Amino acid sequence: KNTDISSILAMVVELFRHQIDHKEICLVNQVPREMDMIWADENRMSQILFNLIGNAVKYTEKGTITISAEIINGMMRLAVEDTGIGIPEDRLDQVFEAFKQSGYSPEKEGGGTGLGLSITRQLVELHGGTIAVTSTLGKGTTFTFTMPLASGDNRLPCRDYGKNTGETEPFPQQV
Ligand code: ATP
Ligand code: MG
């Protein structure tokens with residue numbers, strides 16, 4: 001089932017609403033307005049975003065999580081950036097391996113299996129995309145992945161929507 005990317009994002013964010021509000025986390029939606037029209041496979045996209053946003057929330061006590069997206073060469077590129085605890089440089093290339101945890105936050109990692117990113121990478125690669133991470137210890141982490149646009153149901157031809165305007169749109173808040 002193909003659903004527009006903004007709806008998928010809003011749905012995944014709602015799943016973490018309670019934790020986000022409980023911590024001092026500011027969520028910034030930098031997905032350009034035009035992305036409302038971009039469709040993606042709902043299952044794969046929500047699973048990937050669930051894992052990445054879940055990690056950002058889990059490993060950030062106080063700070064900002066920014067979600068941005070752009071279209072490049074017919075692929076959608078999404079980034080989940082946080083200002084959390086970061087990952088030690090020498091562990092960075094291992095975080096996608098099953099059962100590997102950075103060891104930097106044992107009490108948080110204790111609450112997981114270390115499978116999330118391994119599954120996420122497989123999901124991304126199975127669909128022809130790539131995933132990458134950059135991080136600075138104590139400063140924050142950014143995961144970036146690409147995903148082909150959904151075919152068939154695509155309402156718009158693939159075209160470059162350009163850089164996002166820098167304007168931020170708040171996610172719909174719960175009332
Ligand atoms: P699971 O996702 O299976 O519940 P997990 O979150 O520990 O457990 P992964 O999602 O695979 O496992 O992540 C692997 C490790 O990478 C984590 O244990 C953590 O050390 C590190 N990590 C992942 N995302 C972040 C992040 N946003 N900030 C800091 N560290 C992270
Ligand atoms: Mg995880």
Side-chain angles (χ1 to χ4, degrees), residues 5-6 8-32 35 40-70 72 75-147 164 166 168-171 173:
I5 187 71
S6 298
I8 296 172
L9 250 178
M11 188 191 74
V12 172
V13 163
E14 263 335 289
L15 297 173
F16 294 104
R17 173 61 59 199
H18 182 74
Q19 288 172 69
I20 289 167
D21 289 348
H22 193 69
K23 295 179 166 189
E24 276 179 74
I25 293 176
C26 170
L27 201 67
V28 178
N29 179 1
Q30 280 195 342
V31 178
M35 291 277 183
D41 180 278
E42 184 176 324
N43 285 332
R44 72 172 98 139
M45 202 40 134
S46 48
Q47 213 173 336
I48 293 163
L49 286 170
F50 179 86
N51 286 330
L52 295 182
I53 293 172
N55 280 347
V57 171
K58 185 174 174 185
Y59 299 107
T60 304
E61 282 318 309
K62 186 178 166 179
T64 308
I65 297 173
T66 307
I67 299 154
S68 56
E70 55 191 335
I72 291 171
M75 300 276 277
M76 184 157 32
R77 189 165 77 185
L78 276 102
V80 179
E81 179 184 354
D82 68 58
T83 60
I85 63 171
I87 300 168
E89 205 181 338
D90 61 336
R91 293 298 185 103
L92 217 43
D93 50 357
Q94 289 168 33
V95 292
F96 295 108
E97 287 169 30
F99 307 114
K100 285 274 165 65
Q101 302 184 307
S102 78
Y104 188 53
S105 180
E107 73 277 14
K108 298 255 175 257
E109 290 161 351
T113 58
L115 276 172
L117 283 176
S118 147
I119 293 166
T120 303
R121 180 171 68 177
Q122 288 182 55
L123 275 171
V124 169
E125 290 180 352
L126 273 171
H127 294 100
T130 55
I131 184 165
V133 58
T134 58
S135 188
T136 306
L137 199 56
K139 289 245 161 75
T141 305
T142 303
F143 284 92
T144 309
F145 70 95
T146 58
M147 182 63 47
N164 76 52
T168 63
E169 287 285 334
F171 281 102
Q173 298 287 316

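Atoms within each ligand, like the ligands themselves, are counted from 1 in listed order. Bear in mind the structure is a predicted one, so any value in this text is a computation, not a measurement. For reference, positions follow the sequence shown, starting with 1.
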Exercise. Short N/O distance, under 3.5 Å, between Ser118 and ligand 1?
Worked result: no
For this session: Using distance alone, decide if ligand 1 has a nitrogen or oxygen within less than 3.5 Å of any nitrogen or oxygen in Ile85.
Result: no
For this session: Using non-hydrogen atoms of the residue, decide whether Phe143 is closer than 4.0 angstrom to ligand 1.
Result: yes
Exercise. Which word best sums up how the rings of Phe96 and Phe143 line up, parallel for under 30°, tilted for 30 to 60°, or perpendicular for over 60°?
Worked result: perpendicular
Problem set entry | Closest approach of any protein heavy atom to atom 27 (N) of ligand 1, naming residue and atom | Asp82 OD2, 2.8 Å
Seminar exercise, completed: Among Glu109, Arg121, Gln101, closest by heavy atom to atom 7 (O) of ligand 1 is Gln101
Exercise. For atom 8 (O) of ligand 1, which candidate among Gly86, Gly114, Ser105 provides the closest heavy atom?
Worked result: Gly114
For this session: Counting heavy atoms only, name the option from Val80, Leu117, Asn51 that's nearest to atom 13 (O) of ligand 1.
Result: Leu117
For this session: Could you please tell me which protein N, O or S atoms lie under 2.8 Å from the Mg ion (ligand 2)?
Result: Asn55 OD1
Exercise. What part of Arg91, side chain from CB on, backbone N/CA/C/O, both or neither, has a heavy atom under 4.0 Å from ligand 1?
Worked result: neither
Problem set entry | Residues which pass side chain to side chain donor-acceptor pair (under 3.5 Å) with Glu42, listed by chain and number, not counting sequence neighbours | Lys1, Thr3
Seminar exercise, completed: In this structure, atom 1 (P) of ligand 1 is nearest to the protein heavy atom Thr113 N, 3.6 Å
Exercise. Which residue holds the protein heavy atom closest to atom 30 (N) of ligand 1, what is that atom called, and what is the gap in Å?
Worked result: Ile87 CG1, 3.3 Å
Problem set entry | Polar atom proximity, Gly112 to ligand 1 (N or O, under 3.5 Å) | no
